[in-house]
Visitor: 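Sending over a structure as structure tokens; questions will come in a sec.
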Amino acid sequence: MWVSIFWADEHATCGAPAWIGRGLTCVCFNRKGVYQRIFINLTPQQEERVRRLKHRMKVHFDTSRTDHQAALRALWSATYPDIKLCGLVSDQWKEMGWQGKDPSTDFRGAGFISLENLLFFAKTFSVYDPKLNLSLKMAALPWQLNSDNFVLPQISFQRLLKKQGGKRSAWEYPFAVAGVNVTFMIMQMLDLDATKPRTFVRSVFMQMLSENEWAFDLLYCVAFVIMDKQWLERNATYMEFNEVLKSTRAQVERELLMDDVLRIEDMPSYTLLC
């Protein structure tokens, strides 16, 4: 089973000084030659955004909820705009990389947020279809509307979905289920339910979240393309997915801790989305 999550090594992270979490009020690190303080005691805005994100992480997919059903249909429409969906339970879902004809059974590992992440990826980094007769502003997500450099969505979602580019294995990872596992990996890496952060990674992410409430969703997109890149570089098969996911987490952590990375968009691998 792909969705039954892979590893649980709580200490397999980078940037974890032994003194983190021993009563300190903040952690300090050098960025661009200037020491900046990332407070463990969060600002009201950070607290609210973390609260919302924690809530999202705790919501299970519920087949009886109309908003959850609508999100699943929206994922299909964003992925296959020219193909009519026969139903929420259909063999068509296997084409997207779900394990069976009922994708709701694959959300058990990471919950509704894993569907939200896939939908965000599909709407934000996919091909814009002029036949939909939607203006860019209508098609844009809130974080894009606030940008001074709004551009057309990119095509990385479709590229990964269709496994385009590179030498592909005969036993490829299933796209949608892999996405669920990427969500869980990020949730485990950030460890937001811990009383005190044990690594710099969570503190750095908190700062990014205070600047952009879509930081988690953007980080998911970056992690997904990193995972695919690692997969190709290893010429991996589905039996090696666990190792690929571990190396993906390590790469994500390294990039988050780089001196010049102040936003998700500053991560070197963000360019893979273009």
Side-chain angles (χ1 to χ4, degrees), residues 1-9 12-15 57 75 79 96-99 103 106-107 109-111 113-126 154-191 199 201 204-205 208 214-258 261 264-274:
M1 279 270 301
W2 275 78
V3 172
S4 296
I5 307 302
F6 291 95
W7 87 96
D9 183 358
T13 59
C14 63
M57 291 178 175
L75 176 63
T79 306
M96 195 185 295
W98 301 103
Q99 294 185 101
D106 289 335
F107 294 121
I113 192 173
S114 58
L115 172 55
E116 291 181 310
N117 287 159
L118 277 168
L119 184 56
F120 180 92
F121 194 5
K123 284 189 171 183
T124 310
F125 297 103
S126 193
Q154 304 298 317
I155 63 171
S156 51
F157 177 85
Q158 291 291 335
R159 186 175 68 242
L160 267 62
L161 171 72
K162 298 173 182 177
K163 305 295 174 62
Q164 296 172 338
K167 183 180 179 182
R168 292 289 175 175
S169 168
W171 296 92
E172 278 288 319
Y173 64 84
F175 175 79
V177 175
V180 174
N181 280 280
V182 170
T183 295
F184 183 84
M185 179 268 290
I186 299 173
M187 291 166 60
Q188 189 178 49
M189 178 186 74
L190 296 177
D191 197 21
T199 73
V201 172
V204 168
F205 175 78
M208 293 176 172
W214 300 97
F216 185 89
D217 303 85
L218 282 172
L219 182 60
Y220 167 85
C221 297
V222 175
F224 207 138
V225 292
I226 290 176
M227 184 277 293
D228 187 73
K229 185 172 184 289
Q230 298 266 2
W231 178 273
L232 287 172
E233 289 176 350
R234 289 169 174 258
N235 193 26
T237 67
Y238 73 97
M239 292 297 292
E240 299 170 277
F241 187 78
N242 186 22
E243 293 303 313
V244 171
L245 206 59
K246 286 182 180 179
S247 63
T248 298
R249 172 172 170 169
Q251 180 65 27
V252 169
E253 290 176 329
R254 282 194 297 271
E255 293 193 17
L256 285 173
L257 294 174
M258 289 180 176
V261 174
I264 300 299
E265 295 94 325
D266 296 330
M267 295 174 67
S269 292
Y270 186 85
T271 59
L272 296 173
L273 289 166
C274 300

Visitor: To the nearest 0.5 Å, tell me how far Tyr238 OH sits from Trp231 CH2.
Guide: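 Rounded to the nearest 0.5 Å, the OH-CH2 separation comes out at 10.0 Å.
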Visitor: Assert yes or no for the condition that the ring centre distance of Tyr220 to Trp214 is strictly below 6.0 Å.
Guide: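 No, ring centres 6.0 Å or more apart.
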Visitor: Got a sec, which residues hit side chain to side chain contact (heavy atoms under 4.5 Å, CB included) with Asp266, two or more places apart in sequence or on another chain?
Guide: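 With sequence neighbours excluded, Asp266 shows a side chain to side chain contact (heavy atoms under 4.5 Å, CB included) to Val261, Leu262, Arg263, given in chain and number order.
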Visitor: Is the shortest side-chain heavy-atom distance between Leu256 and Leu219 below 4.5 Å?
Guide: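 Yes, side chains in contact.
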Visitor: Relative to each other, are the rings of Phe121 and Phe224 parallel, tilted or perpendicular (30° and 60° limits)?
Guide: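 Ring orientation, 0 to 90° scale: tilted.
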Visitor: I'd like to check Phe157 versus Phe175 (side-chain heavy atoms, cut-off strictly below 4.5 Å). Are they in contact?
Guide: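 Side-chain contact under 4.5 Å: yes.
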Visitor: For the backbone of Lys163 and the side chain of Glu172, can you confirm whether one donor and one acceptor N or O come within less than 3.5 Å of each other?
Guide: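 Such a contact is absent between Glu172 side chain and Lys163 backbone.
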Visitor: Rounded to the nearest 0.5 Å, how far apart are CD of Glu265 and CE of Met208?
Guide: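 So the gap between those two atoms works out to 9.0 Å.
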Visitor: Nearest 0.5 Å, please: how far is OG1 in Thr124 from CG in Leu119?
Guide: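 Atom-to-atom, Leu119:CG and Thr124:OG1 are 8.5 Å apart.
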Visitor: What distance do Leu161 atom CG and Arg159 atom CZ have between them, rounded to the nearest 0.5 Å?
Guide: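 The CZ atom of Arg159 is 12.0 Å from CG of Leu161, to the nearest 0.5 Å.
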Visitor: Side chains of Met187 and Phe216: closer than 4.5 Å at any heavy-atom pair?
Guide: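 In contact.
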Visitor: Is there a donor-acceptor pair under 3.5 Å between the side chain of Asn117 and the backbone N or O of Gly179?
Guide: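 Between the backbone of Gly179 and the side chain of Asn117 there is no qualifying donor-acceptor contact (under 3.5 Å).
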Visitor: Quick check: do Met227 and Tyr173 have side-chain heavy atoms less than 4.5 Å from each other?
Guide: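 SC-SC contact between Met227 and Tyr173 confirmed.
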Visitor: Taking all atoms of both residues into account, what is the closest heavy-atom pair of Thr79 and Leu75, and its distance?
Guide: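 Answer, listing the atom of Thr79 first, then Leu75: OG1-O, 2.7 Å.
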Visitor: Looking only at non-hydrogen atoms, find the nearest pair between Gly97 and Pro174 and report the distance.
Guide: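 Result for this residue pair: O-CB, 3.3 Å.
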Visitor: Report the relative orientation of the aromatic rings in Tyr270 and Phe125; use parallel for angles under 30°, tilted for 30 to 60°, perpendicular for over 60°.
Guide: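 Ring orientation, 0 to 90° scale: perpendicular.
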Visitor: I'd like to check the side chain to side chain contact (heavy atoms under 4.5 Å, CB included) partners of Glu116; sequence neighbours left out, ordered by chain and number.
Guide: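 Per chain and number, Glu116 pairs via side chain to side chain contact (heavy atoms under 4.5 Å, CB included) with Arg56, Phe112, Ile113.
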Visitor: What closest approach, in Å, do Thr183 and Ala110 show between heavy atoms, and which atom pair accounts for it?
Guide: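 Minimum heavy-atom separation between Thr183 and Ala110: CG2-CB, 4.0 Å.
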Visitor: Has Gln251 got a side-chain atom pairing as donor or acceptor with Thr248's backbone, closer than 3.5 angstrom?
Guide: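 Looks like no, no N/O pair under 3.5 Å.
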Visitor: What's the spacing between Met258 CE and Met267 CE if we round to 0.5 Å?
Guide: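 Going from CE on Met258 over to CE on Met267, the span is 8.5 Å.
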Visitor: Answer yes or no: is there a side-chain heavy-atom contact under 4.5 Å between Met96 and Leu118?
Guide: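 Met96 vs Leu118: side chains apart.
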Visitor: Please, which pairs that meet salt bridge (charged side-chain N to carboxylate O under 4.0 Å, His left out) have at least one residue in residues 220-234, sequence neighbours excluded?
Guide: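 Only Arg168-Asp228, Lys229-Glu233 qualify under salt bridge (charged side-chain N to carboxylate O under 4.0 Å, His left out).
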Visitor: Answer yes or no: is there a side-chain heavy-atom contact under 4.5 Å between Val222 and Leu272?
Guide: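 The answer is no; the side chains never approach within 4.5 Å.
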Visitor: Looking at every non-hydrogen atom in both residues, tell me the closest pair between Cys221 and Leu273 and how far apart they are.
Guide: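 Minimum heavy-atom separation between Cys221 and Leu273: O-CD2, 3.7 Å.
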Visitor: Is the closest side-chain heavy-atom distance between Leu115 and Val180 below 4.5 Å?
Guide: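 No, their side chains stay 4.5 Å or more apart.
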